[in-house]
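What follows is a set of notes on a single structure, which appears directly below.
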Amino acid sequence: MSKAMDIVNQARKTDRLSMKDITTGLVEGFIELHGDRLYKDDEAIIGGIGRINGMPVTVIGNEKGKDVNESVRRNFGSPHPEGYRKSLRLMKQAEKFDRPIVNFINTSGAYCGVEAEERGQGEAIAHNLFEMSSLSVPVLSIIMGEGGSGGALALALADEVWMMEFSIYSILSPEGFASILWKDAKRSSEAAGLMKLTSYDLKELGIVEKVINEKNKNQWIDKQLLMKQIKNDITEKLNDLKALPVEELLENRYQRFRHF
């Protein structure tokens with residue numbers, strides 16, 4: 001098995017730092033907000049308001065669930081269109097009240113079932129991308145585990161994108177890549193090595209700005225210590241972004257993606 005596939009497997013583990021960990025251990029006074037005001041509340045996305053080191057923020061992210069029952073209820077972190085519409089509603093609310101936005105991404109991709117397509121999955125993702133490009137408040141996105149396809153990108157059109165050390169970010173899964181290219185999903189390990197989907201690869205390619213270390217001297221960093229460091233890093237970055245004039249913030253965001 002390739003080193004890249006080892007990281008893929010690590011990124012998919014259910015005991016990783018989760019959105020529920022973030023809302024209870026990193027965000028102070030978190031209040032969850034529900035629903036897209038069109039269809040229903042999508043539990044694959046947790047979103048709401050709170051504070052990070054005293055700074056009012058809107059936080060949004062995927063929650064896969066910790067056990068089978070919760071994972072089924074949360075659709076294994078794969079949102080339907082209403083999940084993306086809920087996230088956009090919260091981002092526009094953040095813009096109205098001048099709150100920075102922090103997105104935490106952990107999804108294999110948007111849900112690809114018939115009902116999601118019937119309710120406008122592609123339009124919901126595209127609308128997020130369109131609106132996020134011009135949000136007048138800072139947007140920071142962090143890939144926590146899997147960052148799969150348009151389902152991840154719909155929360156990652158940000159001023160900066162960071163990745164946890166053992167996370168992945170790609171257009172599709174290694175299994176999907178191998179199935180399309182070689183008609184053999186069993187070659188997923190080989191595919192993972194070719195796809196350049198690890199945090200190390202993407203930092204080197206300039207796709208992401210920061211890799212958040214999860215190990216220190218080959219030992220896993222305690223979750224509480226990890227969240228404390230992430231909290232401080234987020235605060236520092238948001239303060240830097242908030243200091244920019246809106247016109248410069250938007251131009252930098254445009255150029256970040258135009259560059260690719």
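Note: hydrogens, waters and symmetry copies are ignored here, and every other heavy atom, side chains too, is used. Just so it is clear, the structure is predicted and the values come from calculations on it, not from any experiment. The residues of the chain are indexed from 1 along the displayed sequence.
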How long is the straight-line distance from [atom2] of [Y] back to [atom1] of [X], given to the nearest 0.5 Å?
{"X": "Leu88", "Y": "Glu95", "atom1": "CG", "atom2": "CD", "result": "9.5 Å"}
{"X": "Leu140", "Y": "Asp159", "atom1": "CG", "atom2": "CG", "result": "8.0 Å"}
{"X": "Phe177", "Y": "Trp182", "atom1": "CZ", "atom2": "CH2", "result": "5.5 Å"}
{"X": "Lys196", "Y": "Leu202", "atom1": "NZ", "atom2": "CG", "result": "10.0 Å"}
{"X": "Ile207", "Y": "Ser170", "atom1": "CD1", "atom2": "OG", "result": "12.0 Å"}
{"X": "Leu26", "Y": "Lys223", "atom1": "CG", "atom2": "NZ", "result": "13.0 Å"}

I'd like to know if the side chain of [X] reaches the main chain of [Y], judged simply by a donor and an acceptor atom lying under 3.5 Å from each other, with no hydrogens or angles considered.
{"X": "Glu175", "Y": "Ser188", "result": "no"}
{"X": "Arg99", "Y": "Val137", "result": "no"}
{"X": "Arg74", "Y": "Glu43", "result": "yes"}
{"X": "Asn53", "Y": "Thr235", "result": "no"}
{"X": "Ser167", "Y": "Ala11", "result": "no"}
{"X": "Asp36", "Y": "Tyr39", "result": "yes"}
{"X": "Arg119", "Y": "His80", "result": "no"}
{"X": "Lys86", "Y": "Ile45", "result": "yes"}
{"X": "Ser149", "Y": "Gly151", "result": "no"}
{"X": "Arg37", "Y": "Arg89", "result": "no"}

Assess whether a salt bridge exists between [X] and [Y], defined as any Lys/Arg side-chain N lying under 4.0 Å from an Asp/Glu carboxylate O.
{"X": "Glu82", "Y": "Arg85", "answer": "no"}
{"X": "Arg16", "Y": "Glu214", "answer": "yes"}
{"X": "Glu70", "Y": "Lys64", "answer": "no"}
{"X": "Asp233", "Y": "Lys210", "answer": "yes"}
{"X": "Lys20", "Y": "Glu63", "answer": "no"}

The residue among Val57, Asn232, Ile230 that forms side-chain contact (heavy atoms from CB on, under 4.5 Å) with Ile52 is Val57
Per side-chain contact (heavy atoms from CB on, under 4.5 Å), Met164 is matched among Val211, Ile143, Asn106, Ile212 by Ile212
Taking all heavy atoms of [X] and all of [Y], pick out the closest pair and write down the distance.
{"X": "Pro81", "Y": "Ala116", "value": "CG-O, 3.2 Å"}
{"X": "Pro79", "Y": "Asn62", "value": "CG-ND2, 3.6 Å"}
{"X": "Ile105", "Y": "Ser141", "value": "CD1-CB, 4.1 Å"}
{"X": "Thr198", "Y": "Met163", "value": "C-CE, 4.2 Å"}
{"X": "Ile60", "Y": "Met91", "value": "CD1-CG, 3.6 Å"}
{"X": "Ser78", "Y": "Gly109", "value": "OG-O, 2.9 Å"}

Check against side chain to side chain contact (heavy atoms under 4.5 Å, CB included), Lys242 and Asp98: CA-CA 10 Å; Lys242 285 173 65 178; Asp98 198 29; over 6 Å; no
Looking only at the side chains, is there a donor atom on one of [X] and [Y] sitting less than 3.5 Å from an acceptor on the other?
{"X": "Asp21", "Y": "Ser18", "value": "yes"}
{"X": "Glu165", "Y": "Ser199", "value": "no"}
{"X": "Gln121", "Y": "Tyr84", "value": "no"}

Practice task
Can you label the angle between the Phe166 ring and the Trp220 ring as parallel, tilted or perpendicular, going by 30° and 60°?
Solution key: tilted
For atom [atom1] of [X], decide whether the heavy atoms of other residues, nucleotides or ligands shown that lie under 6.0 angstrom number more than 12.
{"X": "Lys203", "atom1": "NZ", "answer": "no"}
{"X": "Lys215", "atom1": "NZ", "answer": "yes"}
{"X": "Glu204", "atom1": "CD", "answer": "no"}
{"X": "Phe257", "atom1": "CZ", "answer": "yes"}

Any side-chain heavy atom of [X] within less than 4.5 Å of one from [Y]?
{"X": "Ile142", "Y": "Ile234", "value": "yes"}
{"X": "Arg256", "Y": "Glu209", "value": "yes"}
{"X": "Ile49", "Y": "Gln93", "value": "yes"}
{"X": "Leu153", "Y": "Ile125", "value": "no"}
{"X": "Ile180", "Y": "Leu172", "value": "yes"}
{"X": "Leu155", "Y": "Ser87", "value": "yes"}
{"X": "Lys13", "Y": "Gln10", "value": "yes"}
{"X": "Met144", "Y": "Ile22", "value": "yes"}

Is it the case that one hydrophobic cluster holds both [X] and [Y], taking links as side-chain heavy atoms less than 4.5 Å apart, direct or via other members?
{"X": "Phe97", "Y": "Leu90", "answer": "no"}
{"X": "Ile7", "Y": "Ile221", "answer": "no"}
{"X": "Met5", "Y": "Leu194", "answer": "yes"}
{"X": "Phe76", "Y": "Leu17", "answer": "no"}
{"X": "Phe30", "Y": "Leu33", "answer": "no"}

Requested in this report: Would you please test Met55 and Leu238 for side chain to side chain contact (heavy atoms under 4.5 Å, CB included) and show each step?
Outcome: CA-CA 9 Å; Met55 180 191 301; Leu238 291 182; 3.8 Å; yes
Legend entry - side chain to side chain donor-acceptor pair (under 3.5 Å) between Glu146 and Ser108, worked out: CA-CA 6 Å; Glu146 288 187 279; Ser108 59; 4.7 Å; no
For residues 243-251, run the donor-acceptor check on the side chains, cut-off 3.5 Å, and write out each pair with its distance to 0.1 Å, sequence neighbours left out.
| unit_1 | atom_1 | unit_2 | atom_2 | d |
| --- | --- | --- | --- | --- |
| Glu251 | OE2 | Gln255 | NE2 | 2.8 |

